[in-house]
Amino acid sequence: MKALRIHGPRDVRVDTVDDPEIHESRDAIIRVTSTAICGSDLHIYNGSIPQPTPQTLGHEFMGIVEEVGKGVTNLKRGDRVVVPFPVACGHCLFCNHELPGHCENSNPDHYGPEGGLMTEKGGALFGYTSLYGGYDGGQAEYVRVPYANNGPRKVPDNLTDEQVLFLTDIFPTGYSGIDWAGVKGGETVAIFGAGPVGIMAAKSAWLRGAKRVIIVDTQQYRLDMAKKAAKAEGILWESNKQVVDEIRSMSGGYGADVCVEAVGFEPDRNLLDRAKAVANLEKGSDKVLLACMSAVRRGGFVSVLGVYSSPFDNFPIHQLFDKGIIMQAGQAPAHKHIDKLLQHVANGDVKLDDIITHRLPLSQAPHGYDIFRHKKDGCVKVVLKPGE
């Protein structure tokens, strides 16, 4: 089959590889009909999260069940399914607490309680390096799905692939940032990052009754998309201080009730930012997280959805303490939310496919990575079609 594999920093290729096979009784083989490139994939593409050997990327995928193991009882050949991005057994301590990203059985070689830089990581993720299970992802014609009784959800026939594809990751992830903050109605929500996750967080904020939704980005075309797709007010990032001042002025001087960090450790950076990182032996920057902590009101909530894979010096713990900020971070519990979010889509409460800017065959996946990383051609979200 054909599969998009990482071979090194900024080196992805569509290779011919062996078809996946059933390894365990609870496995399923899915023929991929739609998959997407995620901002999290770019961290591997850039080399910021290392992968020493070739691996098929992609954790946003859906398709048709081709084969199931003897232990799979809820799926059969021909079922059309969407697959949440964590690989989770469904019965361990953490799965029972609706924390699939911390599954203690899916990542046996690298799992542990510490959460270190290169050791004792969390549960497995599809297509997300050897440290997170080493499972091949879904940017391919076929994919093996472990624990198939727990992950895949059947899709109603009246919904298209593109209507439901983002239930795999970015919609549950954006929703988690709003859910963690306990948004109940009437809040001002400021979202940092007008990429796919940030826009899904904005859509989720409206679903939960937010009074005002503000979104921040360095690119005007992405703010335009956020306004069109999620009716969010936009702030163009020029500096940390400028953004914080604008959010405070829009919220009576207090700051936002909720700030959502949807960028991570690789934001757009100037030479000064890069020099600071070199001097402090840091990877990337925490400047967006620091802006969230300044822009949130006292006693407010900061949800961290962007990936952070290394430590940062001079983290302002004093500000966290003095302002009484509540913060939550981590992989979104996609399994926890996917069923209710699928119902929202089926009911017409929310539209997900309006952020797609590029649809490409799998053979053009390297081009998709290039335009997504470099923000070319107005790229916000790339969907790949392995069958074309």
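Numbers here are sequence positions counted from 1.
In terms of modelled atom types and a separation under 3.5 Å, the side chain of Lys287 and the main chain of Phe265 share no donor-acceptor contact. Counting only distance, with no hydrogens or angles, the side chain of Lys376 and the backbone of Asp370 share no donor-acceptor pair below 3.5 Å. In terms of modelled atom types and a separation under 3.5 Å, the side chain of Asn150 and the main chain of Ala88 share a donor-acceptor contact. For Arg222 (side chain) and Lys375 (main-chain N/O), no donor-acceptor pair under 3.5 Å exists by modelled atom type. Proximity of a side-chain donor or acceptor of His337 to a complementary backbone N or O of Pro333 within less than 3.5 Å is not detected. With hydrogens and angles disregarded, a donor-acceptor distance shorter than 3.5 Å links the side chain of Gln242 to the backbone of Leu236. In this structure, Ser303 contributes its side chain and Gly177 its backbone to a donor-acceptor pair below 3.5 Å. With hydrogens and angles disregarded, a donor-acceptor distance shorter than 3.5 Å links the side chain of Asp27 to the backbone of His23. Arg80 places no side-chain N or O within 3.5 Å of a backbone atom of Ile64 that could act as its donor or acceptor partner. Remark: side-chain polar atoms of Tyr128 are paired, donor with acceptor, to backbone N or O of Ser40 under 3.5 angstrom.
Here the closest non-hydrogen pair linking Ser106 and Ala124 is OG-N, 2.9 Å. Residues Ala334 and Pro86 share a closest heavy-atom pair of CB-CD, 4.0 Å. Scanning all heavy atoms of the two residues, the minimum distance from Asn149 to Gly71 falls at ND2-O, 2.8 Å. The shortest non-hydrogen separation linking Cys259 to Ala256 is SG-CB, 4.1 Å. The shortest heavy-atom contact between Ile371 and Cys379 is O-CB, 3.7 Å. The minimum heavy-atom distance between Pro386 and Leu362, with the atom names listed, is CA-CB, 3.8 Å.
Side-chain contact of Gln343 with Asp339: a donor-acceptor pair under 3.5 Å is absent, judged by distance alone. Between the side chains of Ser130 and Gln55, no donor-acceptor pair of N or O atoms lies under 3.5 Å. No donor-acceptor contact under 3.5 angstrom links the side chains of Tyr132 and Gln331, judged on distance only.
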Would Ile29 and Glu21 count as a side-chain contact (heavy atoms from CB on, under 4.5 Å) if you check the C-alpha gap in whole Å, the side-chain angles of each, and the deciding distance to 0.1 Å? CA-CA 7 Å; Ile29 305 298; Glu21 298 178 346; 5.6 Å; no

Dump the intermediate steps for side-chain contact (heavy atoms from CB on, under 4.5 Å) on Asp322 and Arg298, then the final yes or no. CA-CA 8 Å; Asp322 186 82; Arg298 288 182 173 276; 2.9 Å; yes

side-chain contact (heavy atoms from CB on, under 4.5 Å) assessment of Ile215 paired with Val213: CA-CA 7 Å; Ile215 201 159; Val213 179; 5.7 Å; no

Can you check side-chain contact (heavy atoms from CB on, under 4.5 Å) on Val380 and Met225, steps first, answer last? CA-CA 8 Å; Val380 173; Met225 174 63 83; 4.1 Å; yes

Criterion salt bridge (charged side-chain N to carboxylate O under 4.0 Å, His left out) on Arg208 and Asp179, from CA distance to verdict: CA-CA 8 Å; Arg208 294 285 291 254; Asp179 182 65; 2.9 Å; yes

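In summary, Lys76 and Asp79 engage in a salt bridge, as defined by a charged side-chain N under 4.0 Å from a carboxylate O.
The local environment of NZ in Lys70 is sparse, with at most 12 non-hydrogen atoms from other residues, nucleotides or ligands closer than 6.0 Å. Within a 6.0 Å radius of CD in Glu24, other residues, nucleotides and ligands contribute 12 heavy atoms or fewer. Within 6.0 Å of CG on Asp157 lie no more than 12 heavy atoms contributed by other residues, nucleotides or ligands.
Atom CZ of Arg26 and atom CG of Leu75 lie 13.5 Å apart (nearest 0.5 Å). The OG1 atom of Thr129 sits 7.0 Å away from atom CD1 of Ile49, with the distance rounded to the nearest 0.5 Å. Taking CD of Glu104 as the reference point, atom SG of Cys89 lies at 7.0 Å (rounded to 0.5 Å). Here the CZ atom belonging to Arg31 is positioned 5.0 Å from the CD atom belonging to Glu66, to the nearest 0.5 angstrom. We find the OG1-CD1 distance between Thr35 and Ile37 to be 8.5 Å, quoted to the nearest 0.5 Å. For the atom pair Glu162 CD and Thr33 OG1, the distance stands at 10.5 Å (nearest 0.5 Å).
Side-chain contact between Gln139 and Asp41 is present, with at least one heavy-atom pair separated by less than 4.5 Å. Residues Lys323 and Met293 have side chains not in contact (no heavy-atom distance under 4.5 Å, counting atoms from C-beta outward). Side chains of Leu165 and Ile356 form no contact here, defined as non-hydrogen atoms less than 4.5 Å apart. Between Leu125 and His59, every side-chain heavy-atom pair lies at or beyond the 4.5 Å cut-off. Between Leu131 and Met118 the shortest side-chain heavy-atom distance falls below 4.5 Å. In this structure the side chain of Arg248 reaches within 4.5 angstrom of the side chain of Ser294, judged on heavy atoms. Under the 4.5 Å side-chain criterion, counting only non-hydrogen atoms from C-beta, Met1 is in contact with Pro20. You'll find the side chain of Ile326 stays beyond 4.5 Å of the side chain of Val302, heavy atoms only.
Val263 and Ile355 fall into different hydrophobic clusters, defined by Ile, Leu, Val, Met, Phe, Trp and Tyr side-chain heavy atoms under 4.5 Å apart, directly or through other members.
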Table please: side-chain donor-acceptor pairs of residues 188-204 below 3.5 Å, with sequence neighbours left out.
{"residue": "Lys203", "atom": "NZ", "partner": "Ala229", "partner atom": "O", "Å": "2.8"}
{"residue": "Lys203", "atom": "NZ", "partner": "Lys351", "partner atom": "O", "Å": "2.7"}
{"residue": "Lys203", "atom": "NZ", "partner": "Asp354", "partner atom": "OD1", "Å": "3.1"}
{"residue": "Lys203", "atom": "NZ", "partner": "Asp354", "partner atom": "OD2", "Å": "3.1"}
{"residue": "Ser204", "atom": "OG", "partner": "Tyr175", "partner atom": "N", "Å": "3.4"}
{"residue": "Ser204", "atom": "OG", "partner": "Met200", "partner atom": "O", "Å": "2.8"}

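For Thr119, there are no side-chain hydrogen bond (donor to acceptor under 3.5 Å, both in side chains) partners, not counting sequence neighbours. Take Asp109 and apply the side-chain hydrogen bond (donor to acceptor under 3.5 Å, both in side chains) test, not counting sequence neighbours, and it matches no residue. A search for side chain to side chain contact (heavy atoms under 4.5 Å, CB included) contacts involving Glu388 returns Pro361, Lys385, not counting sequence neighbours.
For residues 253-267, the set of pairs meeting the side chain to side chain donor-acceptor pair (under 3.5 Å) definition, not counting sequence neighbours, comprises His43-Glu266, Asn46-Glu266, Ser48-Glu266, Asp257-Arg297, Glu261-Tyr308. Screening residues 1-19 for side chain to side chain donor-acceptor pair (under 3.5 Å), with sequence neighbours left out, gives Lys2-Thr16, Arg5-Asp15, His7-Asp15, Asp11-Arg13.
A ring-ring contact (aromatic ring centres under 6.0 Å, His included) with Phe61 is found for exactly one of Tyr135, Phe126, Phe85, namely Phe126. Across Val82, Thr173, Leu352, Val345, a single residue satisfies side chain to side chain contact (heavy atoms under 4.5 Å, CB included) together with Phe166, and that is Leu352.
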